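Structure record follows, encoded as structure tokens.
What you see is a predicted model, and the numbers here were worked out from it, not measured in a lab.
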Amino acid sequence: MASSSNVNSGFEDDLEDDLGQFDDFTLASSWERFISDIEAVCRQWLIDGPEKLLEKGAVRWHPSHDLYQQKVDLKYAAKNYCMEYYFGSSLSGKSTDWECTLHDLQLSFGVNEFLAIAPQSAHGVVLDAPEASKLLSAVAIALTNCNSLWPAFVPVHDPSRRAYIGIQNMGTVFTKRFEADRIGSQVPLKLMHLEGLHEMFVSKFAYSTVDFSLHAFQVRFSMRLRYRTVPCDDDDDVLEGNRSVTVQHEEVQRKTLWDDDCPWSEWYSAEDPVKGFELISIWAVKIVETSLEMAELENSSPHDAEKWILIPDILPDLGENAIGFASQLRLLADALNMSDGAQFMEDFVSVESVGSDNAKSSGVIPPPTVLDRVLKDLFHEEGKFHELKELKNLRSIKGAPSQSLFAHFSLHCLWFGNCNIRAVALLWIEFVREVRWCWEELQPLPKMPVSGSIDLSTCLIYQKLQMRLHVDPSGGKRRGSVGLFGSMMLLNSQQNMHAPFTQDPPLMTEDMHEERLQAVEALGDSLNFAAQLEREVLSSDMSAFKAANPDSIFEDFIRWHSPGDWESDDNDNPGVPKSRLMEGLQTSWPPKGRLSQRMSDRGNSWRKIWDETPALSVAEQKPLFDPNREGEKIVHYLETVPPHQLLEQMICTAFRAAADTLYQTDFGDLKLMRTKIEQLVVTIASAMQPLQANRWSDKSEILQDLQQLCTTFGHVEKLVTLAASLHRKLSQAPRLSEAIFNEYFNAYLPRMGTPSVNSQKEPVEMKHQKVSYHERQAVSNLFPPPSANQSWRKVLSMGNLLNGHEPITREIIFSTQDGASSSHYSAGTHSNHQIETFRMYICGTSNDLRVALSVTSCD
């Protein structure tokens, strides 16, 4: 486009119409004012530059793209228009960069920054061809007056065609013109193949008198193919998890689910967060001279492409609508709120005692078959306690171990009857009945660790169940001596020392410790609780030792029970006469030694107990622990535990078990995920402290904190599910799996800890991940050969199949370059410069094609 006057002369008739045949130009026409308005805006944008435009409110066009948009409203002939300026592209002047997320006009025409103008209408498209030409001419004149080289575009025709016309002044003599349109379902067979598309490009720009098929044109060619993993067929669809929490307990024939071997699958099935993948294979720019070469390219495998890029299709965040541990823990917190003020769990079983009509309608309990199935899983299925690798800081949560009976009960409650208070009460009552039956029938409790002590770091109910393991009678033990105690001998009689049977220290839960301490303080005994307990145990041990060693003295007992309190002068073998060790050598007896200072002090309590203790074997002693009495007390506690205390312990246990279940998930070596779970455990432990400290007076604050904790738990649960899905799909490409997860994690992190709103459900924008050559086979495995049920999806193939799958879209760029003297662009220099003379962008499938042309001409 040589000058603005030349362009103006092309629209002389239009100008005369606008001026109404008047020769007085002192008053500008609406056409001139429109051009002047466009020119003023463009001049201001040129002066401002990108930085100033960003300060004035330019917005990013795409979250992952360095392209910004500034727009202004204009008016001409009673019609409103919107002119947009796009700038700051990452294209950086290249004809194309397949790896970038580009605007449609950038990709179609190979431009960088550009203008677009369209009417302000519902569809934003100029349907009238003369109006479109006139509108584009006005912008072109304004840009020429500004000495701007920005290309300008106007949308035309029906919006579905995505058709444009455009123009760009490239200097003093060159002008580039643009045109794009779409071929609908009637795509000629020839244009479905690379060979035919190449011939169309060459014929478009060859002289009509030349047989282009006989000549070699050096055409620059590049291609991008998109493949998408095939979703399950309708008849292969599996249950997408229990969208209703009661479905888990229904008698249904389940098909294989993606997460069947994940730790949480015992409780629910999660929807796969990775719906699929999109693979982009890129053929970089190469020179093609004949259509035969294009045919060979069409038959090549995507493995021959220079680059592979993988894009995961990840579900948006469902927020509180997602079904999982977090959603059910939220319901358990609601049940805790409902339990306040009730005396017994039986109070909730009756509908009349539930309270409001709303609570009655929501307090539905499952049928007896479901109840029987849960109790069978808890008590009658073979299941031993398996100690798994414990999560760091997990013991700081005062609940029950994840594999224990009470932990399984708490997790079952999450899914039993949608975790309403009536369902929880019913299940608890039946649970206690089963515990009583085990006690009365001398049956062991399942899913409980075999341990000789009570773990006081756990919740009280778990301690009671632990204690239940040790309340059966102590029958069948031998009386008196266990056997010889090494080679030691009694000091006075020189008889072999026997180790006695002794009673185990009485097992006590934390409430029993507290009860006994209060009793000792009430009696005014100066001994503290620990000393009192030690005295009873010590007296029992002394009685047993005397029964097993009738000739023993206090010093013998010390040598056996507390060898650190016997100071020996014989360093070789203080307890055995040397006559037994060295033949023919007579030595004196007893061996030289003495009691320690604390044991030899006058009035020592140990010696006083020794003097007062009779010689009685364990079988003859009064038991330190009454199993029958304590067993009844355990069951009575379980039957009468206040509802809010039960729910508090269930919440602590359920959060602990759920967090540990997430930790047991196999998601590879994702350090970010493991760190996040460990941080979650710390957060849970902090939130559980008010419950463990019986600070129920702060009820509203506690419930609010629990709701917030459930939200945080849900975020972590979503990330664990994503990590597991990526790991199993890309287990052979761990770097790729980790890169995708870390990118999602960093983008998702700002959402964590905030309540879910509609905006939170928008998908996280994922960047393109480059696939290395050694990772291509792992990615190729994501595209298994199509099954027989998927054959109906097949259409006429375009070639370049990947394991039998054709690309969903194919994008091609043909272009030619020509040498031009740089003197065309600036005076004083005459070096050669390559310019793109012809360019064709083709995008589509075998039945839908879009073509965009750009032609550079010398005016």
Side-chain angles (χ1 to χ4, degrees), residues 240-241 257-259 261-265 267-277 310-330 391-394 402 654-685 687 707-731 733-757 759-767 769:
E240 292 185 3
L257 301 176
W258 78 274
D259 60 346
D261 57 347
C262 290
W264 64 76
S265 63
W267 310 105
Y268 71 96
S269 178
E271 187 171 3
D272 193 345
V274 182
K275 302 306 294 180
F277 292 89
L310 191 66
I311 308 173
D313 180 12
I314 299 178
L315 280 178
D317 182 17
L318 297 178
E320 297 178 3
N321 295 325
I323 299 297
F325 283 132
S327 64
Q328 305 312 111
L329 288 169
R330 195 181 303 275
L391 177 60
K392 184 181 179 182
N393 296 323
L394 198 63
S402 305
F655 268 104
R656 172 173 172 167
D660 191 49
T661 302
L662 297 184
Y663 181 75
Q664 303 302 330
T665 303
D666 182 14
F667 42 70
D669 189 23
L670 292 179
K671 296 179 181 178
L672 276 178
M673 192 68 260
R674 298 199 179 277
T675 301
K676 200 63 188 177
I677 297 179
E678 291 172 357
Q679 293 174 351
L680 175 64
V681 170
V682 174
T683 304
I684 294 174
Q707 294 297 325
Q708 180 61 42
L709 179 62
C710 291
T711 299
T712 303
F713 195 104
H715 290 308
V716 176
E717 189 172 17
K718 173 182 172 62
L719 291 174
V720 169
T721 308
L722 174 63
S725 180
L726 287 173
H727 175 63
R728 65 181 49 213
K729 291 178 175 63
L730 294 170
S731 58
R735 183 210 64 82
L736 197 57
S737 173
E738 184 173 359
I740 294 174
F741 177 80
N742 289 348
E743 180 197 346
Y744 186 92
F745 180 89
N746 293 328
Y748 187 79
L749 194 59
R751 304 186 181 192
M752 300 185 64
T754 58
S756 296
V757 293
S759 61
Q760 298 289 330
K761 298 180 182 180
E762 297 178 359
V764 173
E765 193 65 39
M766 299 296 294
K767 296 180 181 178
Q769 296 292 336

Separation of Asp313 CG from Phe277 CZ (nearest 0.5 Å): 9.5 Å
Polar side-chain atom of Trp264 near backbone of Ala658 as donor-acceptor pair, under 3.5 Å: no
Residue pairs passing the salt bridge (charged side-chain N to carboxylate O under 4.0 Å, His left out) test where at least one lies in residues 719-731, sequence neighbours excluded: Asp261-Arg728, Asp272-Lys729
Pair Lys676-Val720, side-chain contact (heavy atoms from CB on, under 4.5 Å): steps then yes or no: CA-CA 10 Å; Lys676 200 63 188 177; Val720 169; over 6 Å; no
Validation row: Leu719, Tyr744 side chains within 4.5 angstrom (heavy atoms): yes
Spatial distance of atom CG (Asn746) from atom CG (Leu672) [nearest 0.5 Å]: 6.5 Å
Which atom of Asn393 lies closest to which atom of Val682, heavy atoms considered: ND2-CG2, 3.7 Å
Which atom of Ile740 lies closest to which atom of Pro312, heavy atoms considered: CG2-CG, 3.6 Å
Leu726 side, atom CG; Ile314 side, atom CD1 - distance, nearest 0.5 Å: 6.0 Å
Nearest atoms (heavy-atom pairs only) where Leu329 meets Cys710: C-SG, 3.7 Å
side-chain contact (heavy atoms from CB on, under 4.5 Å) evaluation trace for Leu394 with Arg656: CA-CA 7 Å; Leu394 198 63; Arg656 172 173 172 167; 3.8 Å; yes
Beyond-backbone contact of Tyr663 with Val681, side-chain heavy atoms, under 4.5 angstrom: no
Donor on one side chain, acceptor on other, Asp259 and Ser265, under 3.5 Å: no
Shortest non-hydrogen contact between Ser737 and Leu730, atoms and distance: CB-CB, 3.9 Å
Qualifying residues under salt bridge (Lys or Arg N to Asp or Glu O under 4.0 Å), relative to Arg674, sequence neighbours excluded: none
Validation row: Thr721, Glu271 side chains within 4.5 angstrom (heavy atoms): no
Leu315 to Lys718 - nearest heavy-atom pair and separation: O-NZ, 3.6 Å
Heavy-atom closest pair, residues Trp258 and Pro273: CZ2-CD, 4.0 Å
Thr712 side chain vs Gln708 backbone, donor-acceptor pair below 3.5 Å: yes
Check: Glu717 side chain, Phe325 main-chain N or O, donor-acceptor pair, under 3.5 Å: yes
Nearest-0.5 Å distance that lies between atom OG1 in Thr675 and atom CZ in Phe745: 8.0 Å
Atom pair CD (Glu738) and CD (Gln769), whose distance is rounded to the nearest 0.5 Å: 11.0 Å
Centroid-centroid distance, His727 to Phe741, less than 6.0 Å: no
Cys262 side, atom SG; Trp267 side, atom CH2 - distance, nearest 0.5 Å: 15.5 Å
Check: Ser725 side chain, Leu722 main-chain N or O, donor-acceptor pair, under 3.5 Å: no
